[in-house]
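Below is one structure, written out as structure tokens, with a few remarks after it.
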Amino acid sequence: MNESLHLWLIPLLPFIGFLLNGLLGRRLPKAVVSAIALLAPLGSFLVVLLASRAALPHSESYGNWITVGPLNIDLTFVLDQLSLIMLLVITGVGFLIHIYSVGYMHDDEGYWRYFAYLNLFLFFMTTLVLAGNALLMFVGWEGVGLASYLLIGFWFQKKSASDAGKKAFIVNRIGDFGFLIGLFLLLANFGTLSFSDLAQKIAANPTMTGGVLTAIALCLFIGATGKSAQLPLYVWLPDAMEGPTPVSALIHAATMVTAGVYMVARTHFIFDRSPLALSVVAIIGAATALFAATIGLVQTDIKRVLAYSTVSQLGYMFLGCGVAAYSAAIFHLMTHAFFKALLFLAAGSVIHAMGGEQDMRKMGGLRTKTPITFWTMTMAVLAISGFPFMSAFFSKDAILAAAFASGSLGKLLWFVGLVTAGLTAFYMFRLWYLTFFGETRSHDAHSHESPWSMLGPLAILAVLSVGGGWIGAGRFGAFLSPVLGTKTEELTGSLEYIMMALAVAAGALGWFLAHRMYHQRSAAAQLAAPAPAGYNLLQNKYYVDEFYNLIVVKPLLTLSKYFLEWVVDFAILGGLAWLLAGIASLSGAILQRWQSGNIRSYAAWLALGAAVLLYFVLAPHVFGAASLHLGMAGH
Amino acid sequence: MHLSPEVPLVWYLLLSAVLFCLGVVGFLIKRNLITVFMSIELMLNAVNLSFVTFAHQWHDVKGQIFVFFVMVVAAAEAAVGLAIIIAVFRARATLAVDRIDLMKL
Amino acid sequence: MDSMILTLILLAPLAGAILVALLPDRSKLPAWLALISTLVTFGLALHLPAHYDAAHPGFQFVVNKPWIENPAIFYHVGVDGLSLWLVVLVGLLGPIGVLASWKAIQRREKVYYSLFLVQQTAMLGVFISLDLMVYYGFWELSLVPMAILIAMYGRKNGPAAATKFFLFTFIPSAPLLVAILYLYSRTGSFQFPDLRTDIAVGAVPAGALFWVALAFLFAFAVKVPVFPLHGWLADTFSEAPVAMAMVVAGKLGLYSMLRFHVGLFPVQAHNIAPLLIALGVIGILYGACLALVQRDYWRFLAFAAMSHLGLITVGVYGFTLTGWTGATYQILNNELIDAALFVLLGALEIRYATSQIAAYGGLANRVPRLATLFVIVSLAMIGLPMLNGFIGEFLILSSTFTISHSWAIAATVGVILSAAYMLWMIQRVFYGTESKLAAESPATDLRLSEQLVLWPIAVLLLIMGVAPNLWLRTIETAPKPIVLQQARSADQPAVTSVPMEVQR
Amino acid sequence: MNSIPDIYRILPEVILTITGVLVMLIDASLAPLTSRRTLGWFATIGTGVAYLASVWQLSLPMGTGYSGTVETSPFTVFFHVLICGIVIVTLLLSLDALPEDSHHQGEYYALMVFGAVGMCLLTAATELLVVFIGLEISSISTYILAGYRKQTGKGPEAAIKYFLLGSFATAFLLYGIAMVFGATGTTSIYDIARQAATAQNQLLVEGALAMMLVGILFKVSAAPFHVWTPDVYEGAPSPVVALMSTGPKAAAFAFLLRLLYEMFPHLRHLWSPVLWVVAVLSMTIGNLAALRQQNVKRMLAYSAIAHAGYLLAAFAGFGSTGIAAATFYTAAYAAMNVGIFALVTIAGGYNDERPLIADYKGLIYRSPLLGSLIIFFLISLIGIPFTGGFFGKFYSFTAAVGGGAVILAVIGLLNSGLAAAYYLRLAFAVAQRPDEEDRAVRTPIAPIGLGIITALALATIATLALGIVPGGALHAAETGAHTLQPSPAPASVPAEVTVIQTTP
């Protein structure tokens with residue numbers, strides 16, 4: 001533990017940015033607001049760079065948060081290879097997106113509020129990543145949920161935006177419910193939540209497998225599915241596109257949604273001990289990937305396509321984790337952050353150019369009008385569809401290889417991954433063609449290129465998307481090994497190349513089909529022709545939202561309104577109280593009748609009372625001692 | 001021990017109890033205020049009888065003194081009672097006990 | 001000074017009440033007097049935590065003078081870790097209540113503020129008195145000002161709600177008094193410390209003790225309110241003036257449960273604990289579901305409060321150290337949050353004169369500060385980490401988890417529902433398209449008197465969330481003896497929050 | 001032992017009689033039209049002197065006078081003070097309440113004073129004859145006072161009902177006295193106490209107990225014999241009801257205490273269950289019947305019946321605790337009832353112009369003093385702590401629980417919970433916001449004179465004092481109770497019982 005790296009600065013700077021902008025932003029000029037907002041991520045980024053030079057892992061504790069009897073939670077920040085990479089991605093991409101936002105949100109009257117929330121998000125995300133114990137991570141976990149709620153519902157006048165915000169927060173909360181139960185299990189079984197202690201304790205008793213650990217792992221995974229929009233709880237991410245585009249780029253592509261993957265990686269020592277949990281993670285990952293990719297095929301809103309693409313790519317990462325290739329998953333997380341952020345920002349620039357239009361069917365021919373956006377987006381499209389030597393080519397391939405290498409289930413999941421890779425290529429190039437090629441379908445043709453403050457980040461991200469793969473190709477696994485351990489089975493040389501070839505072939509097939517469909521003929525609904533039923537199903541996102549409404553929301557509301565409120569609260573409880581009052585007042589009324597006002601009836605009651613009293617007092621004598629004659633001998 | 005010529009005291013007590021019950025029944029049955037009032041006087045006199053009997057039995061003059069006081073009180077009650085009955089008659093022009101039920105419930 | 005402080009705290013609001021009653025009712029004079037006397041009380045109350053040393057737990061600032069000799073009633077007051085912060089809380093709620101009703105109450109201010117101060121005295125009396133009769137006296141006295149004010153200032157049907165409120169608490173307090181008298185006839189003392197030792201020693205026969213404990217529990221459960229006995233809550237919240245409704249629910253009942261049920265009858269309380277945990281959890285879910293469908297926001301707040309009080313009840317009857325500490329801390333949190341919500345909704349009612357949620361919509365633009373504060377307080381209520389709601393919630397749920405997994409999981413579902421109904425509420429009132437009412441009425445944002453109340457509370461919520469140890473250190477000392485006593489008594493295993501003795 | 005002259009034993013009664021006679025004489029000599037208020041003041045001063053005389057009696061050594069027929073002891077002094085106090089307050093009340101034109105006011109005051117004589121005599125008597133005479137004097141004077149408002153239809157009806165039923169019950173009492181005389185040959189309470197246990201014919205003794213109980217329970221308006229109370233209270237003018245519901249009742253209870261604790265302690269196994277049943281009946285019937293009552297005076301009549309029930313509960317206590325509790329309750333009850341009826345006189349009007357609860361709506365807005373006092377007395381009647389009512393009930397139920405009648409205490413307290421419902425209905429009607437067109441708002445309240453002010457002040461101070469510092473009154477009640485204990489029965493009555501003890 002050499003000298004302190006002031007890790008607390010990393011989350012604190014964005015928090016100060018949030019406070020300044022939040023409290024004073026309304027009165028500050030835009031320039032000052034953006035200055036404060038930009039300094040925060042830049043500052044944190046520099047501190048992270050400074051800290052990366054030190055010997056890792058490095059943990060600092062800043063005193064005690066909660067101490068009650070046996071429970072003892074400290075404020076500890078841990079910087080190791082895993083959190084370093086995450087921090088670099090968060091603060092780096094975050095900073096770029098902040099710069100982009102200056103341009104994108106320039107004429108929005110809630111300008112200061114937007115940047116305050118963005119800084120708040122960075123504060124919580126950095127806390128989540130740096131957290132040394134699970135409870136502190138949970139603080140960051142719910143904090144980013146709050147930030148996403150505020151940012152999705154940024155334009156709160158729009159009912160759809162505030163609805164989406166509420167939906168995101170509640171679905172996240174359902175995930176957090178699982179996370180909490182996991183925390184309680186950990187606390188109940190190990191008495192502590194600190195990751196290092198947990199790792200020691202679990203390592204300390206190897207016999208403890210099955211039951212408890214699987215339960216903990218699965219509960220934590222429920223939390224992850226909530227936050228990272230995996231199959232059961234993914235419904236909030238597509239609606240989250242109601243928020244401003246840079247928000248989608250930062251939160252719903254690069255950083256927040258990856259928190260689930262980071263959490264699984266951080267607690268890999270639990271998942272490793274329960275194969276069942278791992279296979280569940282893998283299956284759900286692969287299933288989500290395929291499921292989201294199919295929906296992505298038919299979306300007409302440019303941001304919805306990217307949203308489903310994110311869900312699909314996250315599926316890949318969980319597939320990676322599921323087959324215990326955590327370093328591959330994190331590698332894909334990093335590369336995905338770069339090209340998906342770029343895709344969203346480019347889409348933002350396209351929307352900006354189209355004057356707010358998001359429907360791809362009304363776009364076209366932007367290749368000439370916005371060349372820089374076109375070229376940067378092309379880089380990203382190539383990267384994501386696994387074009388050889390682009391970033392995804394390396395990271396996705398690592399995951400697929402790891403999947404293929406891990407048993408029969410792995411091979412099935414590998415095949416699903418392969419198909420998804422093809423689909424990914426198809427819908428990305430579909431987007432590419434619809435947006436940039438063919439003649440412009442929109443009536444107001446004055447779309448122009450975005451200002452440099454937006455294009456700069458695009459360029460940087462394009463470079464990272466291309467180069468990202470090279471950085472980690474060979475060395476990524478080794479770099480993360482001290483934290484995540486090494487992945488033993490490596491494919492033999494020839495098998496690996498076949499894998500690569502197959503992946504590239506799938507990508508090419510996807511491109512070719514998209515080319516045939518959307519380049520020669522400009523009509524968008526081509527794909528609908530062959531399978532109208534399928535098209536409608538996909539168009540309506542498998543009716544999942546309606547299904548959830550039907551199964552959960554509607555019955556809950558009707559139950560509580562009609563049964564709980566009317567029957568239980570009003571009829572039974574209220575009725576009971578009313579009944580008691582009724583009996584009392586009824587008997588009161590009867591007793592009142594007793595006062596007939598007639599003197600003789602009063603006297604009758606008096607006499608009756610006297611008789612009863614006499615009877616009670618004299619009874620034992622009259623009957624008991626009948627034999628005793630009245631001994632009144634007289635003289 | 002032959003039966004002494006006098007009537008055994010217990011008969012007097014039974015008589016006074018009967019008179020008392022007659023008074024009570026009279027109070028319940030009679031419709032006219034005056035007769036109701038008289039039945040109360042009857043009850044008081046029944047008690048006087050038992051007082052005298054006990055005084056004789058205990059050879060103690062205290063019982064008879066008690067009787068005098070009871071009579072005095074009965075007289076006072078009669079004065080007041082009749083005054084009230086007159087007031088009721090003047091206010092309600094009736095002596096029927098059942099008609100005096102302005103106040104009920 | 002230490003021995004006098006509690007009597008001073010008790011008499012300050014009473015003196016204020018008499019002063020207000022005597023002086024004329026002109027130009028806000030009663031309001032200013034009330035504000036001064038509540039601030040004085042709060043200042044005095046702050047003296048307590050400053051001079052309370054957590055090193056050796058037990059009652060401090062104790063005053064014990066005989067008052068009546070035949071049934072031996074003593075003026076015996078004192079505070080320990082449990083009641084210390086509750087006294088400070090009542091002190092804090094005083095000025096908040098006065099400021100909250102500054103604009104809301106225009107008529108008969110003299111009667112209003114003197115009764116408000118009498119209510120403060122009664123509540124302070126309940127928290128500091130250690131003689132069961134004096135406690136019972138203040139417990140009943142706290143009903144009267146509340147009932148009168150509900151009757152006088154009721155919005156739609158004051159008297160009916162006031163009678164319901166009064167009878168719901170007054171009738172169960174009858175068996176409570178008989179139980180106290182029975183204990184007195186058995187042990188010859190009303191003092192809490194003596195009773196505790198006598199009962200532990202077995203001076204009272206077990207059979208009767210069961211009924212006595214039940215009588216105590218029944219009276220307190222109605223006051224909390226626990227699930228089936230909550231008939232009065234919704235009506236009281238929708239009829240009572242803001243400053244009074246703020247103080248009615250929760251703390252009196254819960255404190256009494258902790259002190260006079262779990263404290264006096266640990267064995268009986270332990271036996272009945274499962275039932276109460278069940279009722280608590282049902283209360284959480286029941287309150288949450290009903291809050292989802294309420295149309296009037298006062299009733300909404302009533303059921304939301306009931307849901308959170310259910311959680312505390314679960315904490316109280318978890319019989320773990322963390323559970324008790326968490327429950328006590330959560331009482332503080334909840335009262336603060338409810339107070340803030342009451343002030344905010346009161347502010348809305350002053351501006352828009354209706355409490356129907358449907359009439360509202362899109363207010364965020366019209367009253368941005370009010371909206372921001374409402375969001376902050378709601379987040380604290382649903383237990384967002386970094387704010388105070390989360391700490392108590394986590395402590396209670398984690399300790400209950402060690403007791404029974406199923407009930408703890410059911411209680412944790414409440415976390416989801418609480419987010420649902422609070423966000424639904426924020427959405428309907430502040431976001432979305434601007435409603436007719438919001439558009440045309442010339443509403444202004446928060447006034448100084450309201451901001452003066454709300455911003456300090458918001459900051460306090462944050463501090464209590466980030467640095468809870470300031471409070472937990474003292475609160476933790478209260479339940480320790482009971483836990484130790486539990487551990488000593490043979491039949492109960494040491495019920496701490498961690499069954500396995502794996503401790504750092 | 002009888003060193004002091006007998007006259008001192010009955011000094012208060014003598015002073016009262018002189019005052020009464022003088023009032024009558026002066027009244028006769030005054031011109032018909034001049035105002036009789038001075039007579040009222042004269043009567044009040046006379047009673048005041050009697051009050052001082054009875055306090056002075058404390059300094060006398062305890063003992064009986066007039067060959068054992070009257071007695072002065074702390075017990076009798078307590079009741080003398082109480083009765084004189086009640087009469088003073090009622091006289092002050094009537095000074096302003098009686099309208100100027102009501103004819104022969106002089107007799108009104110004289111009758112009140114004579115009534116006081118009767119009551120004091122009843123409490124001081126240790127001879128059944130004197131008991132009978134005292135009872136009759138107080139009854140007859142109250143019969144006449146009940147019918148004072150001759151011109152209304154209800155006045156005479158109340159008088160005739162009270163008269164007929166009263167004398168009917170007194171006849172039973174008399175028959176009881178006769179039977180006791182028959183069984184023991186003496187009518188002196190102390191002699192009876194000695195001989196009753198070993199009387200030869202127990203049938204007669206128990207018969208006497210039953211018969212005397214009927215007479216006394218009627219006077220106290222306990223349950224089966226209560227039917228006259230509502231009608232008479234409604235018919236009689238309010239100041240008279242203030243006297244009737246407290247004075248004669250206190251005296252009757254004093255005699256009941258002597259009867260049960262002094263004369264027939266050995267029959268406890270008989271009269272204790274009877275009183276248990278009567279107490280429960282009176283409480284329940286009194287409270288239930290009052291629930292639906294709209295007429296304020298009738299409602300208070302039912303409440304008087306209920307309070308008789310609470311008082312009878314004290315008789316379940318053994319020895320001095322029971323007596324002290326009952327004595328204290330008569331004082332507390334008297335203070336409350338006189339207060340509330342004084343207020344009903346003012347608010348309801350002399351001729352009951354505003355008899356219904358609805359007429360009291362919004363009273364606190366029209367005259368805050370009157371309104372808040374009504375609420376205060378109603379709260380004391382409910383039994384809220386720190387008022388006389390609470391400690392009355394508290395001691396009564398402590399005695400009951402001490403005596404083992406726990407169920408009775410529970411029923412009693414649940415009943416007082418039920419009672420809160422109708423008291424609150426009146427309290428909240430007074431506290432409610434009046435809607436303008438309401439009839440009650442327009443009729444102005446009579447200006448409150450000096451007499452009523454002092455009457456109200458005395459009643460309020462008494463109720464508050466008995467609530468906050470009940471120690472003093474309770475101590476007096478206890479010393480009284482000790483004196484009442486029967487002198488220990490002589491060591492042993494000669495074994496063989498001579499059939500007839502012939503005394504010369």
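So that the names make sense, note that chain A is the first sequence line, chain B the second, and so on, each numbered from 1.
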Q | Winner by heavy-atom pair count (cut-off under 4.5 Å) against chain C, out of Thr321(D), Val430(D), Thr387(D), Val401(D) | A | Val401(D)
[X], part contacting chain D, at a heavy-atom distance under 4.5 Å:
{"X": "Ile148(C)", "answer": "both"}
{"X": "Trp67(C)", "answer": "side chain"}
{"X": "Ala215(C)", "answer": "neither"}

Evaluate the ring planes of [X] and [Y], with Trp represented by its six-membered ring, and classify them as parallel (under 30°), tilted (30 to 60°) or perpendicular (over 60°).
{"X": "Tyr423(D)", "Y": "His307(D)", "value": "tilted"}
{"X": "Phe138(C)", "Y": "Phe386(D)", "value": "tilted"}
{"X": "Phe116(C)", "Y": "Tyr113(C)", "value": "perpendicular"}
{"X": "Phe394(D)", "Y": "Phe390(D)", "value": "parallel"}

Would you mind checking which part of [X] comes under 4.5 Å of any heavy atom in chain C, side chain (CB onward), backbone (N, CA, C, O), both or neither?
{"X": "Ala427(D)", "answer": "neither"}
{"X": "Ile379(D)", "answer": "side chain"}
{"X": "Ile364(D)", "answer": "both"}

(Q) Testing the basics here: between Leu167(C) and Ala420(D), what is the closest heavy-atom pair and its distance to 0.1 Å? (A)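 Heavy atoms of Leu167(C) and Ala420(D) come nearest at CD2-CB, 3.7 Å.
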Q | Validation row, ring centre Phe391(D) to ring centre Phe328(D) under 6.0 Å | A | no
(Q) Heavy-atom pairs under 4.5 Å with chain D: which of Gly158(C), Pro175(C), Ala162(C), Pro172(C) has the most? (A) Ala162(C)
Q | Greatest number of heavy atom pairs closer than 4.5 Å to chain D - which of Leu141(C), Val111(C), Ile150(C) | A | Leu141(C)
Q: Assess whether side chain to side chain donor-acceptor pair (under 3.5 Å) is satisfied between Thr354(C) and Glu349(C), documenting all intermediate values.
A: CA-CA 6 Å; Thr354(C) 168; Glu349(C) 193 174 37; over 6 Å; no
